[in-house]
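Right, one structure below, let's go through it.
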Amino acid sequence: MSQLMVSISGVRGIIDQGLTPEVALSFAQAFGSYCNGGKVVIGRDSRVSGPMIQNVVTAGLLATGCQVIDVGIAPTPTVQLATENLHAAGGIILTASHNPVMWNGLKLLAPDGLFLDGEQGAQVLALREQRNFALKTWEGLGSASVYEKAVTDHLKKVLGLSFLNLAAIRQRKFKVVADCVHGAGGVIVPQLLEALGCETVFLNLEPTGRFPRNPEPTPENLTQLGEAVRAHRADLGLAVDPDADRLALVSEKGVPLGEEYTLALAVDFLLRERKGKVAANVSTSMVLDDIAAKYGCAVERTRVGEINVAKRMREIGAVIGGEGNGGVILPDVHLGRDAMVGIALILQHLANFPGPLSELHLSLPQYVMCRRKVEVETQAQTAKLLERIKGKYRNEKLDLLDGVKILRAQSWVQVRASNTEPIIRIMSEAATPAEAEGLCEELMALMKT
Ligand code: MG
C-alpha cells in the first residue's frame, strides 16, 4: 500500500514512511498561504505522533503569518464547529480518522468548517506542488494562542437541540458502555453521557492514542464492547472512531447493529420530528429509502466523501444526512459527521420507544451488506476495471454517480475507487447474507479475469 495518500481534503500517511515532518510542513505552508495569513483553528486526535505533527504544522502556519488557534485534543466535528464559530480563515484537524496507530494526517477545513471541496483543495495542492509559499519576514510572522472552550461549545450546541427532551432522556437513566478506543472521543463523550443522565462504563477512555485494537468501529472490532455490555447488563454500547465523527452501536444483547443502522436510527427519529429531505452517499444502505418513504420524504444520493454529502445538504436544505459508516450529519449543529449528534438523537429515540435497542433496531427493515476490496496499482487499472463492469452490466439499471452501481429490485452492488486508499471497494446489499455475498463474489470474479 502506498504510504502517503493525498486528496483534496488533505493528506494521510504512515509516520516516517509517507508522512514525514517535511511533508506535513509543506502542507501547512501551502494551507497557510491559501488562508492568506488569516486565523487558522488547529486541533488533533490523540495519536502519539500528534504533538510532533502539530509542532511542525504550527511552524508552517506561523511562517506564513497565520494566527494559530489551538483547540487541543478534540474530535473532528468539534474542530469543524470551532472553525465556523471563531470565524477562522480555515482549520486543520490532525488525524488519520479510523486508520491504525502508525498513521496520521491533516484534514483541511474551509471557513465554514466544511472540508475543502475539489476546487479549494486543488488550489492548496497547487501551492504545495509549486512550493509557492507566502513566507513572511520576522515582522510578519503569525502568533499562536489556545482556545479551551471548543468542547464546551460543541456540547452546548448538541444539548441545546430543540427536539431533544433532556428530562425524558435523563429519566430513563440509560446504562451505557462507551468505547473511545483511546481516541479524541475521550474528551467529550463522558461529559455528553453525564449531561444525558446516563450511568456509564468506559472502555479505552483516556486519549493516549495507543489504540488497543483496530480503531475502526466495525462489528468485528467491537467484541470487547459487546462482552462488556452483556457483563454490565447495559442498555446499549457505543463506539466512536479516533476522531469521533463515526458512531457504532451495540444492542443490550451485546450485538453490534452495524454502522449503517446508526444513521438509519437517527433518520428514523428525526423525520418523525421534522419532515424534509435526506441526503446520503451512494454507498449508504437502502434502508434509508424505506425509512424516508414511511414519512413521505425522499433521499438524495451523492458521491462518497463527507464534503459531497454536506454540500448537497446545504443545496437542498436537507434536515438530516450522512454516511452509512456511522456518520450522522445534522445541519442544526454543523454540516459535518458528528458522533455526539448521533448519540443524542439515538438516546432520544430510545427514550421515546417502549422497548430495548434490539427491538428498536428490528422495527426497521433489515438488510445485510457485504464489503470486499481489491488492491490496485494505478488509476488506469481502476478505470479499465470499471469500464469492463459497465459494459458487462449495460442492460441493467446502473447508477454511475461514483464508480458503477448496479441496482436490482431488492438489492444492489457497487464497485468504486476508494478516496483514501489505493484500493477498489466492492459493496453490496440484499435481504440475506448469502445474497449479498453472492453479489460481491460475482463482481470479484469479474475483476480477476
Ligand atoms: Mg473519523
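Atoms within each ligand, like the ligands themselves, are counted from 1 in listed order. Excluded from the calculations below are hydrogen atoms, water molecules and symmetry mates; all remaining heavy atoms, backbone and side chain alike, are included. Here the structure is a predicted model, which is why all the values come from computation and not from measurement.
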State whether [X] and [Y] are salt-bridged, where the test is any N-O pair (Lys NZ or Arg NE/NH1/NH2 against Asp/Glu carboxylate O) under 4.0 Å.
X      : Y      : answer
Glu252 : Arg230 : no
Asp243 : Lys107 : yes
Asp399 : Arg301 : no
Arg246 : Glu216 : yes

- Task: For side chain to side chain contact (heavy atoms under 4.5 Å, CB included), just list the numbers for Arg210 and Val101, CA-CA rounded to whole Å, side-chain angles, deciding distance to a tenth of an Å, and then say yes or no.
- Result: CA-CA 7 Å; Arg210 295 186 184 273; Val101 67; 5.8 Å; no
Check against side-chain hydrogen bond (donor to acceptor under 3.5 Å, both in side chains), Ser97 and Asp241:
CA-CA 7 Å; Ser97 194; Asp241 73 333; 3.1 Å; yes
Nearby protein N/O/S atoms (those under 2.8 Å) for the Mg ion (ligand 1), with water ignored =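 Within the sphere that stays under 2.8 Å of the Mg ion (ligand 1), the protein atoms of type N, O or S are Ser97 OG, Asp241 OD2, Asp243 OD1, Asp245 OD1.
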